[in-house]
Visitor: 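Pasting a structure here, questions to come.
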Amino acid sequence: MIEITARDGATNARRGNLILPHGTVETPTFMPVGTNGTVKAILFSALEKMGYRLILGNTYHLYLRPGMEILKGAGGLHQFTGWEHNFLTDSGGFQVFSLSQLRKITPEGVRFQSHIDGSRHLFTPESVSEVQEFFRSDIQMVLDVCTPPGIEHREAEDALKITTDWAKRAYKRWEQRDPSYEGLIFGIVQGNFYKDLRKRSAEEICSIDFPGIAIGGLSVGEEKEVFKEYLYYTAQYLPDEKPRYVMGIGTPDYMLEAVEAGIDIFDCVYPTRVARNSSVFTDQGIIALKNERFKNDFGPIDPECTCPVCRQFSRAYIRHLFKTREILGPMLTTEHNLHFMYRLMERTRESISAGTFKSFKADFLDRYYRGDK
RNA sequence: GGGGAGGUUCCCGAGCGGUCAAAGGGGGCAGACUGUAAAUCUGUUGCUUCGGCUUCGAAGGUUCGAAUCCUUCUCUCCCCA
């Protein structure tokens, strides 16, 4: 559940505490993505030190490797990985989307082939909930059908219907969980880029008493203006008293839009993925450290940043690490980017409490877009 | 001293008479990345006033035409003495 501790007033932005089995998470919050039970290129201890209390794991990947036997044997994801705070686990719905050539959706569930060894598997809303229970996931996500922009209304509606049906089945299965398992389950709104379908999906999903609601199917290749339009449009139908989660967004501009729309949680591979490709966030935009112009730049990534990386290492050195393909390069940029994201959320929360979110967002984005890196 | 192999665009390396400014790697440069099949992928990499111009160790030669054939020189590596 979520307790709202402050509201911005001028916008729908809100601050709160998300109470979960492995501790409270301050919202709005960004979740780093840890697909395989690790946030790539960084230690849990570093995440913890930054302040992260909730990260994402992936059902699809963990189910395939190491597999259920090992995860059950370990006693769940926390025990297996050593991450002592919360895990939200994605259902595999997105992999059904992104690995579309390897799967077939039926009303029963999704049949798919492993991208690793081609082996055949079936995910149903029930089985996916059960798997996530075995993970001892703090927030499990329902299996859903995520669709790309540009499809016909008819096709989007079909996906919506299946998503709603699966949501009901998943919720029912979750209600029958083992009493010792305290994890929550979130429903996911779909509806593609059709307003009637978004509204309908939101109403159908919200009619089920999920402890939290996610907006899915955004940031799947549509234009930013379209993203914003459907974000705000969909968010208005979500219940105020429940945690709200927009799946798959993670650039400062998208995140601040989501906060303004009243969203509490987001996740994204972006900050960690681009970090491994040498891009780093600063208040003045994103820069690619592998670029030649940084070879003699002995200053920190971001002079305003207080992270350990910025205190100790220069742009020129990190560029050198990337040019030489040293593993430390991605490690340092990942740490910086996650620190940046945490700080951005922290500043966002502070501005909501102060009632200055609107101007904080405007000022931040003004500098961010202006560049001057 | 004798015998053999070879010098290709930043590097390695293919090419062995025209379709070659020259395959393929590497390196360089740039771009992309948004519920992670990603420490990945894509583009580009002689000069150009875009008509061309210069380039395959050097200099000559054969040919309509040469990185590719011939001669000499030069350098490198290997084997034998």
Side-chain angles (χ1 to χ4, degrees), chain A residues 30-42 54-62 64-65 87-103 112-118 128 139-149 163 186-190 214-224 226-228 231 245-255 257-258 263 265-281 286-295 318-319 321-334 337 341:
Chain A
F30 169 76
M31 283 189 292
V33 175
T35 300
N36 286 309
T38 165
V39 178
K40 296 183 197 297
I42 193 164
L54 173 61
I55 64 175
L56 184 147
N58 199 287
T59 298
Y60 170 88
H61 297 262
L62 294 165
L64 291 177
R65 257 189 330 203
F87 267 112
L88 177 148
T89 47
D90 191 14
S91 62
F94 187 74
Q95 278 61 49
V96 170
F97 165 73
S98 65
L99 303 173
S100 56
Q101 60 279 42
L102 295 173
R103 54 80 170 145
F112 63 93
Q113 273 187 276
S114 162
H115 71 280
I116 301 157
D117 62 5
V128 161
I139 300 175
Q140 52 172 274
M141 301 303 298
V142 300
L143 189 65
D144 66 330
V145 181
C146 183
T147 53
T163 295
F186 282 16
I188 305 174
V189 175
Q190 289 291 341
I215 300 175
L218 292 183
S219 200
V220 286
E222 76 282 9
E223 293 296 309
K224 187 181 175 187
V226 176
F227 162 80
K228 273 175 70 173
L231 166 70
Y245 164 30
V246 171
M247 310 184 78
I249 61 166
T251 54
D253 48 349
Y254 275 48
M255 283 167 36
E257 290 302 339
I263 303 303
I265 311 169
F266 359 83
D267 76 281
C268 197
V269 303
Y270 197 90
T272 45
R273 179 181 287 171
V274 300
R276 296 192 302 280
N277 298 324
S278 97
S279 291
V280 287
F281 291 111
I286 192 165
I287 55 178
L289 290 179
K290 71 180 179 186
N291 287 2
E292 191 171 26
R293 64 197 167 106
F294 299 115
K295 71 179 174 187
I318 296 170
R319 171 179 142 87
L321 294 176
F322 271 93
K323 299 313 286 185
T324 51
R325 299 187 66 79
E326 284 292 335
I327 192 70
L328 185 60
M331 289 169 65
L332 296 181
T333 49
T334 295
N337 278 357
M341 283 298 159

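Lettering of chains follows the sequences in order, A, B, ..., and the numbering in each one begins at 1.
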Visitor: To the nearest Å, give me how far apart CZ (Arg319(A)) and C1' (G27(B)) are.
Guide: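 Computing the Arg319(A):CZ to G27(B):C1' distance gives 12 Å.
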Visitor: Across all strands, who's sitting opposite U9(B) as a Watson-Crick or G-U wobble pair, both distances under 3.5 Å?
Guide: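 Looking at the geometry, U9(B) pairs with no nucleotide.
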Visitor: To the nearest Å, give me how far apart NZ (Lys290(A)) and P (G31(B)) are.
Guide: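 My rounded result for the distance is 8 Å.
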Visitor: Using Watson-Crick or G-U wobble geometry with both distances under 3.5 Å, which nucleotide pairs with G35(B)?
Guide: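 Matched G35(B) with nothing under the 3.5 Å cut-off.
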Visitor: Counting any heavy atom closer than 4.0 Å, what does Asp267(A) reach on the DNA or RNA strands: base, sugar-phosphate only, or nothing?
Guide: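 Counting heavy atoms under 4.0 Å across all strands, the contact made by Asp267(A) is with sugar-phosphate only.
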Visitor: At less than 4.0 Å, is any side-chain N or O atom of Thr35(A) found next to OP1 or OP2 of U36(B)? Yes or no.
Guide: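 So the side chain of Thr35(A) is within the cut-off, an N or O lying under 4.0 Å from OP1 or OP2 of U36(B).
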Visitor: Please state how far atom CG in Asn337(A) lies from atom C1' in C33(B), giving the value in whole angstrom units.
Guide: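 Taking CG of Asn337(A) and C1' of C33(B), I get 12 Å after rounding.
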Visitor: Can you check whether Leu332(A) reaches Glu326(A) side chain to side chain, under 4.5 Å on heavy atoms?
Guide: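 They are not in side-chain contact.
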Visitor: So which one's nearest nucleotide on RNA chain B is more toward 5', Ile249(A) or Glu292(A)?
Guide: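 On the 5' side of the pair lies Glu292(A).
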Visitor: Taking the side chain of Lys323(A) as heavy atoms from C-beta outward, which of G35(B), U34(B), G28(B) is closest to it?
Guide: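 Given the options G35(B), U34(B), G28(B), the side chain of Lys323(A) is closest to G28(B).
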Visitor: Out of U36(B), U34(B), A30(B), which nucleotide sits closest to the side chain of Thr272(A)?
Guide: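 Given the options U36(B), U34(B), A30(B), the side chain of Thr272(A) is closest to U36(B).
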Visitor: Would you mind classifying the nucleic acid contact of Gln190(A) as base, sugar-phosphate or nothing, using non-hydrogen atoms under 4.0 angstrom?
Guide: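 Base: the residue Gln190(A), judged by heavy atoms under 4.0 Å, touches a nucleobase.
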Visitor: When you compare G35(B) with A21(B), how far apart are their C1' atoms, in angstrom units rounded to a whole number?
Guide: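 The answer is 48 Å between these two C1' atoms.
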Visitor: Identify whether any heavy atom of Gly34(A) sits under 4.0 Å from a base atom; if not, whether one sits that close to sugar-phosphate; answer base, sugar-phosphate or nothing.
Guide: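 If one applies the 4.0 Å heavy-atom cut-off, Gly34(A) turns out to touch nothing in the nucleic acid.
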Visitor: Rounded to whole angstrom, note down the P distance from U76(B) over to U19(B).
Guide: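 So the two P atoms sit 34 Å from each other.
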Visitor: My understanding is that a pair needs two contacts under 3.5 Å, Watson-Crick or G-U wobble. By that rule, which nucleotide pairs with C77(B)?
Guide: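 Looking at the geometry, C77(B) pairs with G4(B).
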Visitor: Tell me if the centroids of the rings in Phe266(A) and Tyr254(A) come within less than 6.0 Å of each other.
Guide: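 Centroid separation for Phe266(A) and Tyr254(A): 6.0 Å or greater.
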Visitor: Taking atom C1' in both U45(B) and C78(B), what distance in whole Å separates the two?
Guide: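 The same atom, C1', in both gives a distance of 35 Å.
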Visitor: Going by the glycosidic torsion and a 90 degree boundary from 0, is the base of A5(B) oriented syn or anti?
Guide: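 Nucleotide A5(B) adopts anti.
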Visitor: Any idea which of U34(B), G35(B), A37(B) is nearest the Ser91(A) side chain?
Guide: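 Out of U34(B), G35(B), A37(B), the nucleotide with an atom closest to Ser91(A)'s side chain is G35(B).
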Visitor: Hunt down the Watson-Crick or G-U wobble partner of U62(B), both distances under 3.5 Å, from any strand shown, or write none.
Guide: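 Because no pair has both required distances under 3.5 Å, U62(B) counts as unpaired.
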Visitor: Looking only at the side chain of Cys268(A) (C-beta and beyond, no hydrogens), which of the listed nucleotides C29(B), U36(B), U34(B) gets closest?
Guide: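 Nearest listed nucleotide: U34(B).
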Visitor: Quick one: Tyr60(A) OH to G35(B) C1', roughly how many Å, whole number?
Guide: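 So the OH-C1' distance, Tyr60(A) to G35(B), works out to 15 Å.
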Visitor: Choose from U34(B), G35(B), A38(B) the nucleotide whose nearest atom is closest to any side-chain atom of Leu56(A).
Guide: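 My answer, after comparing the listed nucleotides, is G35(B).
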Visitor: How long is the gap from OG1 on Thr35(A) to OH on Tyr60(A), to the nearest 0.5 Å?
Guide: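 Nearest 0.5 Å value for the OG1-OH distance: 11.5 Å.
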Visitor: Does the side chain of Gln95(A) get closer than 4.0 angstrom to OP1 or OP2 of U36(B) through an N or O atom?
Guide: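 Yes, because at least one side-chain N or O of Gln95(A) sits under 4.0 Å from OP1 or OP2 of U36(B).
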Visitor: Check whether more than 12 heavy atoms from other residues, nucleotides or ligands sit under 6.0 Å from atom NZ of Lys224(A), and answer yes or no.
Guide: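 Yes, the 6.0 Å shell around NZ holds more than 12 heavy atoms from other groups.
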Visitor: So which one's nearest nucleotide on RNA chain B is more toward 5', Cys146(A) or Asn291(A)?
Guide: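 In this pair, the answer is Asn291(A).
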Visitor: Does Ser279(A) place a side-chain N or O at less than 4.0 Å from the phosphate oxygens OP1/OP2 of C33(B)?
Guide: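 For Ser279(A), the contact criterion (side-chain N or O under 4.0 Å from OP1 or OP2 of C33(B)) is not met.
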Visitor: Tell me which nucleotide, if any, is Watson-Crick or G-U wobble paired with U42(B) when both distances must be under 3.5 Å.
Guide: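 U42(B) is paired with A30(B).
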Visitor: When the C1' atoms of A37(B) and U44(B) are compared, how many Å lie between them, rounded to an integer?
Guide: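 Between the two C1' atoms, the distance is 27 Å.
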Visitor: Starting at NZ of Lys40(A) and ending at P of C33(B), how long is that distance when rounded to a whole Å?
Guide: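 For the pair Lys40(A) NZ and C33(B) P, the rounded distance is 19 Å.
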Visitor: In whole angstrom, give me the gap between the C1' atoms of U36(B) and A22(B).
Guide: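 Rounded to whole Å, the distance is 40 Å.
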Visitor: Carefully, step by step, assess Asp267(A) and Leu88(A) under the rule side-chain contact (heavy atoms from CB on, under 4.5 Å).
Guide: CA-CA 10 Å; Asp267(A) 76 281; Leu88(A) 177 148; over 6 Å; no
Visitor: Tell me: CZ of Arg65(A) to P of U36(B), nearest whole Å?
Guide: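 To the nearest whole Å, that distance equals 15 Å.
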Visitor: Check the pair Leu143(A) / Ser91(A) against side-chain contact (heavy atoms from CB on, under 4.5 Å), numbers first and verdict last.
Guide: CA-CA 5 Å; Leu143(A) 189 65; Ser91(A) 62; 4.2 Å; yes
Visitor: His115(A) has an atom NE2; how far is it from atom P of A38(B), in whole Å?
Guide: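 My rounded result for the distance is 5 Å.
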Visitor: For Asn277(A) and Ser279(A), does a side-chain donor sit closer than 3.5 Å to a side-chain acceptor?
Guide: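 The answer is no; no qualifying pair exists.
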Visitor: Asn277(A) side chain N/O closer than 4.0 Å to the phosphate oxygens (OP1, OP2) of A39(B)?
Guide: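 No, no such contact exists.
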Visitor: Pick the C1' atom in C16(B) and in C11(B), then give their distance to the nearest Å.
Guide: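 Per the computed distance, 23 Å lies between those C1' atoms.
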Visitor: Work out how far the C1' atom of C29(B) is from that of C80(B), and round it to whole angstrom.
Guide: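 Roughly 50 Å separates the two C1' atoms.
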Visitor: Side chains of Asn337(A) and Tyr270(A): any donor to acceptor distance under 3.5 Å?
Guide: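 No pair is found: no donor N or O on one side chain lies under 3.5 Å from an acceptor on the other.
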Visitor: Using atom C1' of each nucleotide, how far apart are G25(B) and C75(B) to the nearest Å?
Guide: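 The answer is 27 Å between these two C1' atoms.
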Visitor: Between the side-chain atoms of Arg273(A) and the base atoms of A38(B), is any donor-acceptor pair under 3.5 Å?
Guide: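 Present.
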Visitor: Any base atoms under 4.0 Å from Asp144(A), or only sugar-phosphate, or nothing? Heavy atoms, all strands.
Guide: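 Base contact.
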Visitor: Hunt down the Watson-Crick or G-U wobble partner of G51(B), both distances under 3.5 Å, from any strand shown, or write none.
Guide: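 Per the H-bond distance test, none.
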Visitor: Tell me whether the OP1 or OP2 atom of U40(B) has a side-chain N or O from Arg276(A) closer than 4.0 Å.
Guide: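 For U40(B), OP1/OP2 do not have a side-chain N/O of Arg276(A) under 4.0 Å.
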Visitor: Atom CG of Leu231(A) and atom C1' of G35(B): how far apart are they, to the nearest Å?
Guide: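 Answer to the nearest Å: 15 Å.
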